[in-house]
Structure formats: structure tokens, C-alpha cells
Amino acid sequence: MDPRDLIVQEEFDRQAERWFRRQLSPYERAMLEQIAQLAQVGPADRVLDVACGTGLVSFVLAPYAREVVGIDISPGMLAKAREIRHRREVRNVHFVLGEAEHMPFKDGEFDVVVCRLAIHHFPQPERELREMVRVLKPGGRLVISDTVSSEDEREARLHNALERLRDPSHARMLAPTELVHLIERIGVRVQERLLQRRDRTYDDWMDVINDPIRTENLKIVMEELARAGRGAGLRLRIEDGQLWLTHTIAVIKAIK
Ligand SMILES: C[S@@+](CC[C@H](N)C(=O)[O-])C[C@H]1O[C@@H](n2cnc3c(N)ncnc32)[C@H](O)[C@@H]1O
């Protein structure tokens, strides 16, 4: 196992309870539904949800699909995913413990592969993306959704540093053009690309982190950046006494 994978496991095992209790906003729900629509999941499709966490994407795709398989490296996140499956009595979703870089699936097993909010955790994302393409059948759809950094190198460096202070399992958010170029290199044809903005308060962003010391200290740093007019590629700002930020999310659909 990559030594960084241990950091991811430890971090998400600790975050799992908060992900489980999280109430999705209508905007977040709409973003999940959009992944299902872009992937054009149908009743004959076997779908793979890479780095599925507590299964937020898997459960949205399940009603459209024949079967959804979620894979994740964190036993804590998967335990919560299985608890939700049991509670909701969802029969066509299965969860597998494993690494995105070496998945226990055969070549071309899946009609659709999706991966949301995880590329930025992979230290060498090309390795995981190639693995996703390997398990996708020819003509299959790949949908990648991830938060991206600014195209400006200095802003991107600062943004990524802040994200790593929030969550040490964060490797690097790519700039949108970098992510598209990477996907174009792995043997698929990019068909659609969208950029979305997501406004959040600092407290909402930090909620899943579940670490009061990190939350308190990073807030001091980010408030000072906001006051100094440094947006850090996140449009950091203080409005009505609250610290706000805006993430940019890239959603890319490609065909094998
Ligand atoms: C921010 S969460 C996103 C979960 C889910 N995709 C969603 O949209 O709600 C990132 C997930 O990626 C998983 N992860 C990170 N690196 C991984 C790897 N190398 N292999 C498998 N899972 C990984 C983490 O355990 C975590 O559950």
C-alpha cells in the first residue's frame, strides 16, 4: 500500500461519522443527480463508484442501474455506507474495500465508472484514472467530478496548502485545464466538461473534519487572508461576520 493511503484511511475513518450524519443541501443533491444524468445510467448498466465514501453517489445511481459497486480504502466510510444500504434496504449496491490504484476487477467489467471528490486525494492521479479506464468496457462512460484549483499557479499553491491544513490526506487539486489534459491522455475521448461554483461558509466546509483545533487555527489564517484581500483561488471573504469561500467543481464526461 502507498504510505499516503494510510493517511487517507486514518483521516476518513475519523471523518466517517460526520459524513454519515451530513444533511445534503438541495444544491448538493442536484449535483449528485447531474452525475447520474451525465453518465446516462440505464437498467442494464453495471456501475463502479470509485472512492465511494459513504456511498452518496452510489445511492443516487442505484435506482437507474442494474448494479452499483462502490470501492473505497476507508473501512470507516464503508461501514457507514453499508449501514445506509441496510437501513434503506437497497439490494443492488455492493461495497468493496480496496485501493483505487489496484482495483480487484477484470478489464472492461463496467458500463459506467464515476469518481467524485477523490482525484485530489491521489498523489499520482494518472495511475488511478488509467485503472478506471481499464475496468471500463469499450464505449463505456467515465464521469469525473472534482474540486479544482485556480489556473493561476500562485493562487493554486496557496489554495492547496489551505486544503492540506484542513485535511492532511489532500494531495493536490488540479487546475481545470490540467484535469482535462490528464483525462485526454488516458485513452478516452472527452465529451462534456462543466464548471460549477459552490459557495459555502467556512463552518460548513469544516464540518466533516471533526477536529476543533484544526478548525479554530485554520479559521484565524483564512480570516486574515480574506481581510488582506487574498482570495486564494477560493474567493475568501467575510460577509455578515461569517467567513465564506467558493469552490469550483469540474465535471467531465469521457467515452472509452
Ligand atoms: C471526499 S470523500 C468523497 C466520497 C464520495 N466519492 C462522495 O462523493 O461523497 C473521498 C473518498 O476517497 C477515498 N479515497 C481516497 N484515496 C483513495 C484510494 N487511493 N483508494 C480508494 N479510496 C480512496 C477516501 O477514503 C474517501 O472516502
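These numbers were taken from a predicted model, which means no experiment stands behind them. Position 1 is the first residue of the sequence; numbering continues from there. One-based numbering, in listed order, for ligands and for the atoms of each.
- Taking every heavy atom of G53 and a limit of under 4.0 angstrom, the matching atoms of ligand 1 come to 4 (C), 27 (O).
- Between D13 and S74, the closest heavy-atom pair is OD1-OG, 2.7 Å.
- The protein heavy-atom contact nearest to atom 1 (C) of ligand 1 is L117 O, 3.3 Å.
- Only side-chain heavy atoms of D5 come within less than 4.0 Å of ligand 1; its backbone N, CA, C and O stay farther off.
- At a 4.0 Å heavy-atom cut-off, ligand 1 touches R116 through backbone and side chain alike.
- Paired with I71 under the rule side-chain contact (heavy atoms from CB on, under 4.5 Å), one option of C115, P104, S58 passes, and it is P104.
- Listed for the Y202 side chain is a donor-acceptor partner under 3.5 Å among the backbone atoms of T215.
- Under 4.0 angstrom from ligand 1, the non-hydrogen atoms of V8 all belong to its side chain.
- Those atoms of ligand 1 with a heavy atom of E99 less than 4.0 angstrom away are 20 (N).
- At the top of the distance list for atom 2 (S) of ligand 1, counting protein heavy atoms only, stands F12 CE2, 3.6 Å.
- Between R157 and E153 there is no salt bridge, since no side-chain N of the basic residue sits under 4.0 Å from a carboxylate O of the acidic one.
- Per-residue contacts place G98 under 4.0 angstrom from the following atoms of ligand 1 (heavy atoms of the residue considered): 20 (N), 21 (C).
- Close approach of ligand 1 to S74 (heavy-atom distance below 4.0 Å) involves ligand atoms 25 (O).
- The environment of CD1 in I220 is crowded: more than 12 heavy-atom neighbours from other residues, nucleotides or ligands sit within 6.0 Å.
- Residue-level proximity to ligand 1 for E101 is carried by the side chain, the only part with a heavy atom below 4.0 angstrom.
- Among all protein heavy atoms, the one lying closest to atom 4 (C) of ligand 1 is A51 O, 3.5 Å.
- Ligand-side atoms of ligand 1 in range of L56: 9 (O), range being under 4.0 angstrom from any heavy atom.
- At a threshold of 4.0 Å, the pair K137-D45 does not count as salt-bridged, since none of the basic side-chain nitrogens sits closer than that to a carboxylate oxygen.
- From D5, atom CG reaches atom CD1 of I73 across 3.5 Å, with rounding to the nearest 0.5 Å.
- Ranking protein heavy atoms by distance to atom 25 (O) of ligand 1, first place goes to D72 OD1, 2.6 Å.
- H170 and H121 have perpendicular rings, their planes meeting at more than 60° on a 0 to 90° scale where under 30° would count as parallel.
- Contact atoms of ligand 1 toward M77: 27 (O) (distance under 4.0 Å to a heavy atom of the residue).
- A salt bridge is absent between R46 and D111: the closest approach of a Lys/Arg side-chain nitrogen to an acidic carboxylate oxygen does not fall below 4.0 angstrom.
- Note on E28 versus R200: no salt bridge recorded, every NZ/NE/NH1/NH2 to OD/OE distance being 4.0 Å or above.
- Only the backbone of C52 comes within contact range of ligand 1, with a heavy atom under 4.0 Å; no side-chain atom does.
- Distance from atom 22 (N) of ligand 1 to its nearest protein heavy atom, with residue and atom name: I73 N, 3.3 Å.
- Protein heavy atom nearest atom 20 (N) of ligand 1, with residue, atom name and distance: A100 N, 2.9 Å.
- The protein heavy atom nearest to atom 17 (C) of ligand 1 is F122 CE2, 3.6 Å.
- When each of L174, T177, I144 is tested with L182 by the rule side-chain contact (heavy atoms from CB on, under 4.5 Å), just one qualifies, namely L174.
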